[in-house]
Every structure is written in structure tokens, then in C-alpha cells.
Protein chains: 2
Amino acid sequence: MKATAQILKEKGLKVTPQRIAVYNMLLNTTEHPNAETIYKALEPTNPTMSLATVYKTLDYFKQLGLVQELNVGEGSSRYDAVVKCHPHTVCIQCGKVRDLYLEELTEIHKKIAEELDFEVRCEQLILYGICGKCRRENNENS
Amino acid sequence: MKATAQILKEKGLKVTPQRIAVYNMLLNTTEHPNAETIYKALEPTNPTMSLATVYKTLDYFKQLGLVQELNVGEGSSRYDAVVKCHPHTVCIQCGKVRDLYLEELTEIHKKIAEELDFEVRCEQLILYGICGKCRRENNENS
DNA sequence: ATCCCTGCAAATACTTTGCATACAA
DNA sequence: TTGTATGCAAAGTATTTGCAGGGAT
């Protein structure tokens, strides 16, 4: 795997501890954290890190295609180091956001897009509902 | 068509001029306005209307399933009186949000959802890209 | 008459910005 | 050395809330 510093350098970014920390954190989670969560997670190891820097860093990363912004209708945006467009499920009970990988779906969307007078750059599918864990817990308590 | 007052009453809401105005405005537009836009649009005819009331009203409507909230990644939420889940296109150049009606897609999503350990309540597909109008204008200027 | 709704203003949540200092190249 | 990045604090949006007065039923 390519080192984070190398990736940043290739994108023309100066390599700083903060940027490495943010990118690595995103690479090592599937939680789709928001800026605040990233900041809180890095605070222990990067005590001087500021929330503003997290926002600025995420903004650079977004511009350069290193991360993807995801808005599932909460107050804040979530971030994902998986840049390729892919569907997500959002549990409306526990709030968990999960990735889905469905090649077939992408193909279908592409086909449909071709029929529209619209040039698709990115497609975002969000399935809102109840995750398996919450459903089972609900059944137990009823 | 059922009168707005009647619809509100059936939902157990008190019928007020403000609520009628907001709901009618949403019924008569395809612009997917946000709260601010709704407020601005109603100001001329409802000079006492306040933005806070628009927010509260939209919140009630959302709870009762009279409107749908849509977040396409801007700072603010948009609202749609078409409650049935349906895909949208968002032009990343002019910002226009359009409805798509694709029954086939809904069916496909439903089938996929059945294979997941996830109970889908609502699905949201957003296609980001360049609309036909913008693409043609871009071609002329190049 | 009762209780819900409205409008104002203040509060909150999220994000961005200005600027002086610090650090990467 | 040079210019960019950081961190702080202040400012900027979007939205929510508390409360007193007003209006719908």
C-alpha cells in the first residue's frame, strides 16, 4: 500500500502531520465520520490539532478527490476515503451508515442516465431504513 | 383535488393561513425550494410570516408525511410536496434540481433491498452532473 | 375558553474566514 | 528563505428554541 505522505505529495499537497493523521484516520474506519468526530478521534494523539484545520484539510482532500463528502440529512457532512461512488444504507434508528457495493446497480444507473438529457458525473444512492441489528433488538423488546 | 385546508385538518393540524400558504407554495412548484426561498416567496402576500414559522411548519409537515426533505449537499435542506420516494438530478453547474420518475428503478432497488439485512423505508437516488441546458451553453462558448 | 400557533429574539449547530505564527520544502 | 499550513478567535449560515401574545376550534 502506498504511504499516505506519498499520496499527499503526488496531489501537490504539503505533507503535514495533521493531513497525514486525517487521511489515515479515514482510511482506517468504515464509520463515515463527520469533521467533529475526526477531530475528537485525533485529539489524543494530536493535541494541538484544531477543528478548523480538520475542516480545511477535508476541503482540500475533497477538491483533490482524496475523500468523498456524504450528506445523509443530518446537520453535518460525513467523509469517506472510498472515493468511488457507491450506495449507502442509513439506519434511521441507530444512525449507522454502511457502504454497499453493487456493481450491477451502477451499471443500471449508467444505462438510465444515458437516456436522460443529463451528463451524470456521480450518483448517490442512500437507502434509509432499519438495520438488522436494530430490527432484531426491536423484536426482542416487543 | 382536495383543498389544502381539508388535508391539514385530516392530519390533525390547525388550519392557519401560514400553513396553507406554505403547503400551496410547495404544491405549485417543482423548484424544490429551501426554507429561505419559501419564506421569500410568501413574504409579499403574507407580510407577517416569519422564517421560524416556515421552519416549524415544514417540520410538522415532514413528521406527518406531507412533505419530503431533500438534502443534495448544499448548506440547506430543500422541500418537496411529492412525498413518494423518487430520484432527483442535480446540476452541479446551475444547481437546478429535477425530479425523475423511473418505476423500473424503484423495483430494482426493492429487489436489492430484499437481499440485504436491512429494512428499506425510503430510498434516495441523486444523480449529480451537468444538465442539458448547461451542456449546450458550454458547447456554444467553447 | 382552551390550547395550539405565531413571531420575535436569542440560542445553538455547523462551517468558514482573517490573521499572526509556525513549519515544510 | 519562501510560501503555505496551522490554530485561534471571530464571523457567517442554517436551524431550533423559549416565550408572550394571538387566533383557531
Side-chain angles (χ1 to χ4, degrees), chain A residues 3-25 32-64 66-79 95, chain B residues 3-23 25 32-64 66-67 69-79 95:
Chain A
T4 299
Q6 183 62 24
I7 294 171
L8 299 182
K9 206 175 288 176
E10 282 171 9
K11 290 286 184 179
L13 285 176
K14 281 200 178 171
V15 178
T16 69
Q18 290 86 343
R19 288 174 179 176
I20 291 176
V22 170
Y23 192 60
N24 279 343
M25 193 264 176
H32 308 81
N34 62 15
E36 183 81 30
T37 305
I38 296 170
Y39 171 64
K40 290 266 175 61
L42 297 181
E43 223 179 3
T45 42
N46 301 58
T48 73
M49 164 91 66
S50 85
L51 184 55
T53 298
V54 173
Y55 275 110
K56 286 172 188 166
T57 300
L58 289 171
D59 202 46
Y60 284 126
F61 286 2
K62 195 174 38 168
Q63 311 287 342
L64 296 169
L66 284 175
V67 303
Q68 187 182 170
E69 194 176 0
L70 176 66
N71 196 312
V72 301
E74 301 159 320
S76 57
S77 292
R78 289 167 173 264
Y79 295 87
Chain B
T4 299
Q6 183 62 24
I7 294 170
L8 299 182
K9 205 176 289 177
E10 282 170 9
K11 290 286 183 178
L13 287 175
K14 280 201 176 169
V15 179
T16 69
Q18 291 87 341
R19 289 174 177 177
I20 292 177
V22 170
Y23 193 60
M25 194 263 175
H32 308 81
N34 61 17
E36 183 81 33
T37 306
I38 296 169
Y39 172 64
K40 289 265 174 63
L42 298 181
E43 223 179 1
T45 42
N46 302 58
T48 74
M49 164 90 66
S50 86
L51 184 54
T53 297
V54 174
Y55 274 110
K56 285 172 188 166
T57 299
L58 289 171
D59 202 46
Y60 284 127
F61 286 2
K62 195 174 39 168
Q63 311 286 343
L64 296 169
L66 284 175
V67 304
E69 193 175 2
L70 177 66
N71 196 313
V72 300
E74 301 160 321
S76 56
S77 292
R78 289 167 172 265
Y79 294 87

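Throughout, protein chains are lettered first and strands after them, A, B, ... in sequence-line order, and every chain is numbered starting at 1.
The shortest distance between the side-chain N/O atoms of B/Ser50 and the OP1/OP2 oxygens of C/dC8 is not below 4.0 Å. Phosphate proximity of D/dA24 to B/Arg19: absent, as no side-chain N or O sits under 4.0 Å from OP1 or OP2. Checking the phosphate oxygens (OP1, OP2) of D/dT4, no side-chain nitrogen or oxygen of A/Tyr60 falls inside 4.0 Å. Between A/Gln18 and the phosphate of D/dG7, there is a side-chain N or O to OP1/OP2 separation shorter than 4.0 Å.
Atom pair B/Ile20:CD1 and C/dC5:C1' shows a separation of 13 Å (rounding to whole Å applied). Atom P of nucleotide C/dA13 and atom NZ of A/Lys40 are separated by 11 Å, given to the nearest angstrom. Between the CG atom of B/Asn46 and the P atom of C/dC5 there is a distance of 17 Å, rounded to whole Å. Counting to the nearest Å, the C1' atom of D/dA5 and the CG atom of A/Leu64 are 14 Å from each other. In this structure, B/Lys11 atom NZ and C/dC4 atom C1' are separated by 19 Å, rounded to whole Å. Rounded to a whole Å, the CG atom of B/Leu42 is 13 Å from the P atom of C/dT6. Distance B/Gln63 CD to C/dC5 P: 13 Å, rounded to the nearest Å. Straight-line distance from the CZ atom of B/Phe61 to the C1' atom of D/dT15: 18 Å, rounded to whole Å.
Partners of B/Tyr55 under the ring pair (Phe, Tyr, Trp, His ring centres under 6.0 Å) rule, at least two apart in sequence or in another chain, do not exist in this structure. Scored by the side-chain hydrogen bond (donor to acceptor under 3.5 Å, both in side chains) test, A/Asn34 finds A/Thr37, A/Ser76 as partners (sequence neighbours excluded). Residues satisfying the ring pair (Phe, Tyr, Trp, His ring centres under 6.0 Å) criterion with A/Tyr79, sequence neighbours excluded, are absent altogether. Legend: residues meeting ring pair (Phe, Tyr, Trp, His ring centres under 6.0 Å) with A/Tyr23, ordered by chain and number and at least two apart, are A/Phe61.
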A correct 5'-to-3' footprint of nucleotides 15-25 of chain C, with B, S and - meaning base, sugar-phosphate only and no protein heavy atom under 4.0 Å, is BBBB-----BS
- [ ] Go through A/Lys62 and A/Asp59 one step at a time and tell me if the salt bridge (charged side-chain N to carboxylate O under 4.0 Å, His left out) criterion holds.
- [x] CA-CA 5 Å; A/Lys62 195 174 38 168; A/Asp59 202 46; 3.6 Å; yes
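Within 4.0 Å (heavy atoms only), A/Tyr39 reaches no atom of the nucleic acid at all.
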Validation: residues 13-21 of chain A side-chain donor-acceptor distances under 3.5 Å, sequence neighbours left out:
unit_1	atom_1	unit_2	atom_2	d
A/Thr16	OG1	A/Arg19	N	3.2
A/Arg19	NH1	A/Lys14	O	3.0

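Distance check: A/Thr45 OG1 to A/Met25 CE gives 10.0 Å after rounding to the nearest 0.5 Å.
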